[in-house]
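Below is one structure, written out as structure tokens, with a few remarks after it.
Numbers here are sequence positions counted from 1. Computation of the quantities below employed the complete heavy-atom set of this structure, encompassing side-chain atoms and omitting hydrogens, waters and symmetry-equivalent molecules. What you see is a predicted model; the values in this text were computed from it and never measured.
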Amino acid sequence: MAYTIKGGCIVCDSCRPQCPNGAIKPTLEQDNYWIDPTLCDGCPDLAVPRCVEVCSVGSLAPLQPKKGRCKSSLLPAAIPDIFLNGKTNPFASSMVVWEACNILAQRQTLPWQADSDGYLSYHRPVHRGQGQLRFRLAANPEATSPAPMTEAEGQFALTNFDLRATCVHLIFAAYATNVTYAWEEPFVLNDQHIEQYLGLDKRKDLTKLEKLTLIKSLVNQCCQILATIDWPRQGKVQSFTLDEHPIWHLVNTEYYFEEDAAGDQHLIGLSFTVKAGIWARHFLNQRDYRHHAAFYQYGSLPQSLLSEVMSNWQQHEGSVRLLLWLLFKLRLGSDQRMTVRTLLRIAYGEKRLHEAATVRGAHKRLLKTFESDLETLYYYGLKPQFDPETYPLEIQPLWARVADIPDDADEALEFWANDANQSLSLTDKAPRDKWQRLLNGRLLGFELSDEWQQTAKRASKQRRRRNNQSPTNSRSGQISGEDIRAARQQQNLSQRTLAERLGKSQSWIRDIEKGRFNVNAEDQSILREALNIT
């Protein structure tokens, strides 16, 4: 239970040094103290809190829970500034932002080490070792010049990092694209903004104070990451070096209180003023990008990704890590080859991957978890494309093979009849060497949902340029899944037969007809020719 300071305080400064969380703070006028309820935990390991024990005038008392609604006219209006179309928003997607997202998602599974000064640091080589990114954690993100954490402090902080902080980090990256000079112009958002973006406004099981405490913790974790950048020359952009600085500067945190009938001050809102670090001057600089003196790297952030992270961050942590990594990996297109070993390392860390190779039975548990996480990505809208040579049908997950079963009863009967006559049946057991073969497997990429196919403006211009070069596509336009289904049924073709003609899987035909995925220009032409669609 949080405590509060009532009347009678003589400002003797005996309680403030005793607080292990730094919750007791002086007012702006330095004539009194106040207790931050998001930091005060009431010293649960002690019968009497330290501050209460040393107070000679008894001005500290438990803060009673506030009853009734917490809305007040003191709070600024929470008007959303991103996701105005309800689906996507541009966001900064440079290597600096990507690695910061990896730190928040993968935490202690990354190769953290103590540097020569005893501070915990993580190094990321860039451009085949020609450059380097170094990351450390700030002890106090609200400090003007935050000092890095020692190895012990950093390891403890990493274990307490919340996977949901990645959502706040991406929200900051989206806000940074809304200002012209992100490294100079701060942006302001309050707790109601973050509640709406993350869906916390629908959580009725959390009190207002619990939500505010969670939001402040997530914001602080994002602002704890410090970066030192040594970037080599790339194209016409000259090399540069940036001293250590926060990825996100927490310029100010404003607290909104409301007093009840008993005279207790209740926290009802928070407002955060945040500014991008100096990295944005080199990676999010649209003006200098035109003069080939800087980069302007951005992608498209689906709002559904935030909902997916908030829903599965506990049950499917591996799939959430993969989802966040793929957000940056696939920003240039869905046809990105990747090995299964890389996906396992991203999702579960090198240590767990090593245990699967050395501990008896551990590989079976990891294999089951990996296939379940791939299934979670599939139902979210990212359909993995298995390499037929290194990831053949016999070692693919069962859910991927079951996805080919038609919904129609007659087509399902034909499917099972054909399956019984094949050398590899759907009901056959997996080979004994499945794990070893899986480690050498590859994915050709992912089929993306509609939101993930929305790329940045530059990619849109390139796509329009390619479409203008194709008179067939510009003349006929996009065909819908309903049109494909109607044309197939008119010719009395099953999904399986059409898939065999096109060299595709039956599940691909079904997903296209249900509108789960868009069809690219090349497949559009093949479908029109196969189904005689004009």
Side-chain angles (χ1 to χ4, degrees), residues 95 98-116 118-126 129 132-137 148-167 169 221-222 224-227 309 312-329 337-377 384 390-391 395 397 430 433-443:
M95 179 69 73
W98 188 0
E99 283 303 318
C101 186
N102 288 336
I103 290 173
L104 294 170
Q106 301 176 38
R107 307 185 293 278
Q108 63 268 28
T109 61
L110 294 175
W112 293 88
Q113 294 179 348
D115 58 18
S116 58
Y119 299 119
L120 188 70
S121 63
Y122 161 60
H123 296 259
R124 172 66 160 84
V126 295
Q132 179 181 255
L133 303 177
R134 187 191 70 181
F135 297 93
R136 300 196 291 193
L137 301 179
M149 290 184 180
T150 63
E151 182 181 10
E153 294 172 339
Q155 292 290 357
F156 179 77
L158 286 173
T159 58
N160 292 318
F161 267 16
D162 195 315
L163 187 56
R164 292 170 289 182
T166 55
C167 294
H169 172 67
Q221 289 173 22
C222 295
Q224 279 186 276
I225 303 177
L226 306 175
V309 173
N312 290 320
W313 69 279
Q314 287 179 304
Q315 295 87 349
H316 296 281
E317 181 178 347
S319 68
V320 170
R321 287 182 175 183
L322 289 175
L323 190 65
L324 294 166
W325 184 76
L326 290 171
L327 174 66
F328 296 87
K329 178 69 174 179
R337 287 178 174 266
M338 56 199 75
T339 64
V340 173
R341 190 183 293 270
T342 298
L343 297 179
L344 290 171
R345 179 177 53 82
I346 296 297
Y348 314 109
E350 195 67 42
K351 181 179 178 181
R352 191 171 177 186
L353 188 58
H354 177 71
E355 289 178 353
T358 56
V359 179
R360 182 180 179 85
H363 71 280
K364 295 181 179 179
R365 294 188 293 270
L366 186 58
L367 175 60
K368 183 178 180 181
T369 303
F370 175 67
E371 292 185 344
S372 176
D373 288 336
L374 274 185
E375 185 179 12
T376 302
L377 292 179
T390 62
Y391 210 149
I395 64 172
D433 60 344
K434 179 177 179 178
W435 172 253
Q436 288 75 16
R437 296 173 63 183
L438 184 68
L439 292 178
N440 298 319
R442 292 193 304 267
L443 293 182

### Query
Heavy-atom distance under 4.5 Å between the side chains of Thr109 and Arg321, does that happen here?
yes
### Task
To the nearest 0.5 Å, tell me how far Gln224 CD sits from Gln221 CD.
6.5 Å
### Query
Given the rule in the side chain to side chain contact (heavy atoms under 4.5 Å, CB included) test, do Ile346 and Gln106 qualify, once you have shown the distances and angles that lead to the verdict?
CA-CA 7 Å; Ile346 296 297; Gln106 301 176 38; 3.9 Å; yes
### Query
For Trp112, which residues count as a ring pair (Phe, Tyr, Trp, His ring centres under 6.0 Å) partner, sequence neighbours excluded?
Tyr122
### Query
Distance from His363 atom NE2 to Phe370 atom CZ, nearest 0.5 Å?
15.0 Å
#### Entry: side chain to side chain contact (heavy atoms under 4.5 Å, CB included) between Thr376 and Gln315, worked out
CA-CA 10 Å; Thr376 302; Gln315 295 87 349; over 6 Å; no
### Task
First locate atom CD1 of Ile395, then atom CD of Glu371, and finally report the distance between them rounded to the nearest 0.5 Å.
9.5 Å
#### Entry: Approximate separation, where rounding is to 0.5 Å, of His316 NE2 and Leu323 CG
12.5 Å
### Query
Taking Arg136 for the side chain and Leu226 for the main chain, is one N or O donor matched with an acceptor at less than 3.5 Å?
no
### Task
Any chance you could measure Glu317, atom CD, to Asp373, atom CG, to the nearest 0.5 Å?
9.5 Å
### Task
Report yes if the side chains of Leu110 and Phe135 come closer than 4.5 Å at any heavy-atom pair, otherwise no.
no
### Task
Mark yes or no for whether Arg345, through its side chain, and Leu343, through its backbone, hold a donor-acceptor pair below 3.5 Å.
no
### Query
Is any side-chain heavy atom of Leu353 less than 4.5 Å from a side-chain heavy atom of Leu366?
yes
### Task
Specify the closest pair of heavy atoms between Ser319 and Leu377, including all atoms of both residues, with the distance to one decimal.
O-CD2, 3.7 Å
## Note on the structure
Ala356 and Ala362 have their tightest heavy-atom pair at CA-CB, 3.8 Å
### Message
Let's go through Lys368 and Arg365 carefully: what are the C-alpha distance in whole Å and the side-chain angles of both, what is the deciding distance for side chain to side chain contact (heavy atoms under 4.5 Å, CB included) to 0.1 Å, and is it a yes or a no?
### Response
CA-CA 5 Å; Lys368 183 178 180 181; Arg365 294 188 293 270; 5.9 Å; no
### Message
If I take atom OG1 from residue Thr166 and atom CD1 from residue Ile103, how far apart are they, to the nearest 0.5 angstrom?
### Response
12.5 Å
### Query
Which pair of heavy atoms, one from Ala165 and one from Cys222, lies closest together, and at what distance?
O-SG, 3.1 Å
### Message
Is any side-chain heavy atom of Asn102 closer than 4.5 Å to one of Glu99?
### Response
yes
### Query
Would you say the side chain of Trp98 lies within less than 4.5 Å of the side chain of Leu133, judging by non-hydrogen atoms?
no
Distance-only donor-acceptor pairs under 3.5 Å for side chains of residues 153-164, two or more places apart:
unit_1	atom_1	unit_2	atom_2	d
Glu153	OE1	Thr150	N	3.1
Glu153	OE1	Thr150	OG1	3.3
Thr159	OG1	Phe156	O	2.6
Asn160	ND2	Phe156	O	3.2
Asp162	OD1	Arg164	N	2.9
Asp162	OD1	Arg164	NE	3.1
Asp162	OD2	Arg164	NE	3.3
Asp162	OD2	Arg164	NH2	2.8

### Task
Step through the shown structure and confirm whether more than 12 heavy atoms of other residues, nucleotides or ligands are within 6.0 Å of NE2 on His354.
no
### Task
Quick one: list whatever passes salt bridge (charged side-chain N to carboxylate O under 4.0 Å, His left out) with Arg352, sequence neighbours left out.
none
### Message
Less than 4.5 Å apart, side chain to side chain, heavy atoms only: is that true for Leu326 and Met338?
### Response
yes
### Query
With a 4.5 Å heavy-atom cut-off, do Leu137 and Met149 have their side chains touching?
yes
#### Entry: Non-hydrogen side-chain atoms of Tyr391 and Leu438 separated by less than 4.5 Å
yes
### Message
Test your reading of the model: is there a side-chain donor-acceptor pair from Thr390 to the backbone of Arg442, 3.5 Å cut-off?
### Response
yes
